[in-house]
K.L.:
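First the structure, then my questions, so here it is.
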Amino acid sequence: MQGLKRKVVYVTLYELIAIVCSTWALAAMSGHGLGDSGGVAVAASCIAVAWNLVFNTLFEAWEARQRVRGRSVARRVAHAIGFEGGLIAALVPLIAWWFDISLLQALLLDLGLVVFFLIYTFVFNWGFDRVFGLPASAMGDPVRGV
């Protein structure tokens, strides 16, 4: 599976699982109920979907220009860190506003989520590629033998 279809399936599966997990995690870490935490999780998911599309498009464009093909552990770690780093910048103000807490408290709360999502992103991407195959950007060129 390649192109837009791959991206839509990826984002849909990733975010549905993420909403469920982050709702429970936010409720446990913040002391707020599932309703409030679910609201933050859905809002964060909307932001993450937009960021996901932008980040993965840029990442795959960069990846296509690399001499070494495939997705090594190092490349997967770089992908996860880059994606989550961008989300921190967007989500900390949202969390602070939604839960009416300071930016520092929101950052600490978000860091708890970051630890989970770094692992989740790595495992999800690895599993997704195993089930659906690598994107064209990560596959060798059969004509050139790369």
K.L.:
Report yes or no: do Ile119 and Val73 belong to one cluster of Ile/Leu/Val/Met/Phe/Trp/Tyr joined by side chain heavy-atom distances under 4.5 Å?
P.N.:
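Yes, Ile119 and Val73 fall within the same hydrophobic cluster.
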
K.L.:
As a quick check of understanding, evaluate side chain to side chain contact (heavy atoms under 4.5 Å, CB included) for Leu107 and Ile88, giving each step before the final call.
P.N.:
CA-CA 8 Å; Leu107 176 62; Ile88 289 171; 4.2 Å; yes

K.L.:
Can you name the side-chain contact (heavy atoms from CB on, under 4.5 Å) partners of Phe132, sequence neighbours left out?
P.N.:
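Phe132: side-chain contact (heavy atoms from CB on, under 4.5 Å) contacts with Met1, Arg6, Val9, Leu13, Phe128.
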
K.L.:
Return yes if some donor-acceptor pair links the side-chain N/O of Ser37 with the main-chain N/O of Ala27 below 3.5 Å, else return no.
P.N.:
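Checking the backbone N and O of Ala27 against the side chain of Ser37, a donor-acceptor pair under 3.5 Å is found.
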
K.L.:
In chain order, what residues pass the side-chain contact (heavy atoms from CB on, under 4.5 Å) check against Val8, with sequence neighbours excluded?
P.N.:
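Expected list: Leu4, Thr12.
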
K.L.:
When rounded to the nearest 0.5 angstrom, what is the spacing between OG in Ser30 and CD1 in Ile95?
P.N.:
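Result: 9.5 Å between the selected atoms.
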
K.L.:
Residues two or more places apart in sequence or in another chain: which of them pass side chain to side chain donor-acceptor pair (under 3.5 Å) with Gln2?
P.N.:
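Testing Gln2 for side chain to side chain donor-acceptor pair (under 3.5 Å), a comparison that skips the adjacent residues, returns none.
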
K.L.:
Can Val20 be reached from Tyr14 by stepping across I, L, V, M, F, W or Y side chains whose heavy atoms are under 4.5 Å apart?
P.N.:
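Cluster IDs for Tyr14 and Val20 differ.
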
K.L.:
I need the Leu26 CG to Trp98 CH2 distance, nearest 0.5 Å.
P.N.:
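The distance works out to 11.0 Å.
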
K.L.:
What are the two closest non-hydrogen atoms of Val92 and Ala106, and how far apart are they?
P.N.:
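That would be O-CB, 3.4 Å.
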
K.L.:
Other hydrophobic cluster members with Leu16, side-chain heavy atoms of Ile/Leu/Val/Met/Phe/Trp/Tyr under 4.5 Å, chained?
P.N.:
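Answer for Leu16: none, a lone residue.
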
K.L.:
Does Arg65 have any side-chain contact (heavy atoms from CB on, under 4.5 Å) partners at least two apart in sequence or in another chain, and if so, which?
P.N.:
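Residues passing side-chain contact (heavy atoms from CB on, under 4.5 Å) with Arg65: Ala61, Trp62.
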
K.L.:
Just how far is it from atom CG of Leu134 to atom CG of Asp129, taken to the nearest 0.5 Å?
P.N.:
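Going from the CG atom of Leu134 to the CG atom of Asp129 covers 5.0 Å.
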
K.L.:
Could you tell me whether the side chain of Arg69 and the main chain of Ala64 form a donor-acceptor pair under 3.5 Å?
P.N.:
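Side chain of Arg69 to backbone of Ala64, a donor-acceptor pair under 3.5 Å: yes, one is there.
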
K.L.:
Are Phe122 and Leu87 connected, step by step, through hydrophobic side chains (Ile, Leu, Val, Met, Phe, Trp, Tyr) whose heavy atoms are closer than 4.5 Å?
P.N.:
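No: no chain of side-chain contacts under 4.5 Å links Phe122 to Leu87.
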
K.L.:
With clusters defined by side-chain heavy atoms of hydrophobic residues (ILVMFWY) lying less than 4.5 Å apart, directly or transitively, does Phe116 cluster with Leu91?
P.N.:
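Yes; Phe116 is reachable from Leu91 via cluster members.
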
K.L.:
Going by ring pair (Phe, Tyr, Trp, His ring centres under 6.0 Å), name the residues that satisfy it together with Trp97, two or more places apart in sequence or in a different chain.
P.N.:
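Per chain and number, Trp97 pairs via ring pair (Phe, Tyr, Trp, His ring centres under 6.0 Å) with no residue.
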
K.L.:
Mind checking what makes side chain to side chain donor-acceptor pair (under 3.5 Å) contact with Tyr10, not counting sequence neighbours?
P.N.:
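Asn125.
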
K.L.:
Please list all pairs passing the side chain to side chain donor-acceptor pair (under 3.5 Å) test where one or both residues lie in residues 102-118, with sequence neighbours left out.
P.N.:
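Sorted result for residues 102-118: Ser102-Gln105.
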
K.L.:
Would you please test Phe117 and Ser22 for side chain to side chain contact (heavy atoms under 4.5 Å, CB included) and show each step?
P.N.:
CA-CA 9 Å; Phe117 275 100; Ser22 60; 4.1 Å; yes

K.L.:
Would you please indicate if the ring centroids of Phe55 and His79 are separated by under 6.0 Å?
P.N.:
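Ring-ring flag for Phe55/His79: true, centres closer than 6.0 Å.
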
K.L.:
Without placing hydrogens or testing angles, list every side-chain donor-acceptor pair under 3.5 Å for residues 39-52, not counting sequence neighbours.
P.N.:
from: Ser45; atom 1: OG; to: Glu15; atom 2: OE1; distance (Å): 3.0
from: Trp51; atom 1: NE1; to: Phe83; atom 2: O; distance (Å): 2.8
from: Asn52; atom 1: OD1; to: Asn56; atom 2: ND2; distance (Å): 2.3

K.L.:
Tell me, please, which residues at least two apart from Glu63 pass salt bridge (charged side-chain N to carboxylate O under 4.0 Å, His left out).
P.N.:
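If we apply the salt bridge (charged side-chain N to carboxylate O under 4.0 Å, His left out) test to Glu63, skipping adjacent residues, the hits are Arg71, Arg75.
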
K.L.:
Mind checking what makes ring pair (Phe, Tyr, Trp, His ring centres under 6.0 Å) contact with His32, not counting sequence neighbours?
P.N.:
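His32 satisfies ring pair (Phe, Tyr, Trp, His ring centres under 6.0 Å) with Phe99 only.
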
K.L.:
Is it the case that one hydrophobic cluster holds both Val11 and Val54, taking links as side-chain heavy atoms less than 4.5 Å apart, direct or via other members?
P.N.:
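Yes; tracing contacts between hydrophobic side chains, which count when under 4.5 Å, links both residues.
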
K.L.:
Has the side chain of Tyr120 got a donor or acceptor atom that lies under 3.5 Å from a matching backbone atom of Ile17?
P.N.:
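Checking the backbone N and O of Ile17 against the side chain of Tyr120, no donor-acceptor pair under 3.5 Å is found.
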
K.L.:
I'd like to check the side-chain contact (heavy atoms from CB on, under 4.5 Å) partners of Leu118; sequence neighbours left out, ordered by chain and number.
P.N.:
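Partners of Leu118 by the side-chain contact (heavy atoms from CB on, under 4.5 Å) criterion, ordered by chain and then number, come out as Ala80, Ile81, Glu84, Val114.
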
